[in-house]
Novice: 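Structure below; questions to follow.
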Amino acid sequence: MPTYGRQPVTFERGEGAWLWDSNGKRYLDALAGIAVCNLGHAHPAIHQAISQQSQKIIHTSNLYGVALQEELANKLCELSGMENVFFCNSGTEANEAAIKIARKYGHSKGIACPIIISMDKSFHGRTLGALSATGNSKVKQGFAPLLDGFVQVPYNDVEAVQSAIAAHKDSVVAILVEPIQGEGGVNIPAHDYLNEIRQLCDAHDLLMMVDEIQTGIGRTGRFLAYQHNDILPDVCTLAKALGNGVPIGACMAHGKAAQILTAGNHGSTFGGNPLACSAALAVIDTLRSTDLISSAEAKGQAVCAGIAKLTTGNPHIVSMRHKGLMIGIEWDAPCGELVGKALEKGLLINVTADNTIRLLPPLLIDAEQIALLTETLSTLIQEHFH
Ligand code: PLP
């Protein structure tokens, strides 16, 4: 179905941050499959894990014990501070699990029509629950009726959250928030934003649910972006880079949120199967045995400093924002055409929220590749916006 506006290129193979198309042309990948291939392409540890696992067992179903799923859950809990995990296959499904936890939590407190507060400009996925939570009317258009039970408030505005809690006092059960909005334009909130949301959740007995699908797995310089703050959410969703391209999603829970879903409440045929878990375990082991996460901030700074230097005085840059290797360069006008122009120059980038260049390179991007990225992109910027 024509659900995607595709670029006229097909990639045949990759290695690290490089990709080659079907004509043998080489590209630098500064998007990593939209924050998926954090370990780059054809990483030997992933290759080895899934090829070895496929020789043993790929799938049995969740009717039986799955040893690798338990091992992965334990490692994720150790790294995140969470308590248990439900596995699925994508980000939107991870958020569906979170939404079901919030609703059942509400019912356990006698709330018949539970409300989840989410944010304007947020993106949580395309299935109807996650879409209803999403704060972007463009992606929701044409799919009414969406689900009841969601209220959106401006991002990075704690007072707006307070007002929504007051306005729907007896019904609010949870707050769903991205630590940094990805699709919404790489919007980085004030440092205390998540702390204040945590406090509000504690004060009003709400679940704090953090969508780390784009920000997680080392992208921002911590394993999870909420770890820049000294907090623990009640629910945290993951997908994208968890399997470095092998589809796997996870909904992690802590404390009271961890005991809500019981046998028969939720499920997934493929969720957490041995093949997907072997990939995710290889991702975690690789991140733990390298400095890829701790070096993300310096690399992100190098990218931004390089572009700032080479575009000095360009009046069209509204702001350049980054945390680790999650980078947004906002323009004073729509700049979608840059994606195709960059591709012609052998560079993969993305534009989100119409006017923000988004860079999400693999965490293993090296200094030479960073120099190539900044030079190519800056040249493009100077050619098109002067
Ligand atoms: N949540 C966030 C923050 C995302 O960025 C995305 C995808 O871009 C999703 C959820 C949906 O993930 P998926 O496409 O795997 O369903």
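Each ligand, and each atom within it, is numbered from 1 in the order the structure gives. As the structure is a prediction and not an experimental result, all values here were calculated from the model. Only this structure's heavy atoms are used, side chains among them; waters, hydrogens and symmetry mates stay out.
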Novice: Please tabulate, for side-chain N and O atoms in residues 170-186, each donor-acceptor pair with protein atoms closer than 3.5 Å (sequence neighbours left out).
Specialist:
residue: Glu178; atom: OE1; partner: Gly182; partner atom: N; Å: 3.3
residue: Glu178; atom: OE2; partner: Phe123; partner atom: N; Å: 3.1
residue: Gln181; atom: OE1; partner: Asn187; partner atom: ND2; Å: 2.9
residue: Gln181; atom: NE2; partner: Asp120; partner atom: O; Å: 2.9
residue: Glu183; atom: OE1; partner: Arg358; partner atom: NH2; Å: 3.4
residue: Glu183; atom: OE2; partner: Gln214; partner atom: NE2; Å: 2.9
residue: Glu183; atom: OE2; partner: Arg358; partner atom: NH1; Å: 2.7
residue: Glu183; atom: OE2; partner: Arg358; partner atom: NH2; Å: 3.3

Novice: Check residues 246-256 and write down every donor-acceptor pair under 3.5 Å in which the side-chain atom is one partner and the other belongs to a residue at least two apart or another chain.
Specialist:
residue: Lys256; atom: NZ; partner: Asp205; partner atom: OD1; Å: 2.8

Novice: Identify whether the distance between the nearest side-chain nitrogen and carboxylate oxygen of Asp354 and Lys138 falls below 4.0 Å.
Specialist: yes
Novice: Anything under 3.5 Å between an N or O on ligand 1 and a protein N or O? List each pair with its distance, or write none.
Specialist:
residue: ligand 1; atom: 1 (N); partner: Phe123; partner atom: O; Å: 3.3
residue: ligand 1; atom: 1 (N); partner: Asp211; partner atom: OD1; Å: 3.3
residue: ligand 1; atom: 1 (N); partner: Asp211; partner atom: OD2; Å: 2.7
residue: ligand 1; atom: 5 (O); partner: Gln214; partner atom: NE2; Å: 2.8
residue: ligand 1; atom: 8 (O); partner: Lys240; partner atom: NZ; Å: 3.3
residue: ligand 1; atom: 15 (O); partner: Gly91; partner atom: N; Å: 2.8
residue: ligand 1; atom: 16 (O); partner: Gly91; partner atom: N; Å: 3.4
residue: ligand 1; atom: 16 (O); partner: Thr92; partner atom: N; Å: 2.8

Novice: Output yes when Asp285 and Lys75 qualify as a salt bridge under the 4.0 Å nitrogen-oxygen rule, no when they do not.
Specialist: yes
Novice: Listed by chain and number, what are the salt bridge (charged side-chain N to carboxylate O under 4.0 Å, His left out) partners of Asp157, not counting sequence neighbours?
Specialist: none
Novice: A side-chain contact here means heavy atoms from C-beta on lying under 4.5 Å apart; do Lys240 and Asn38 qualify?
Specialist: no
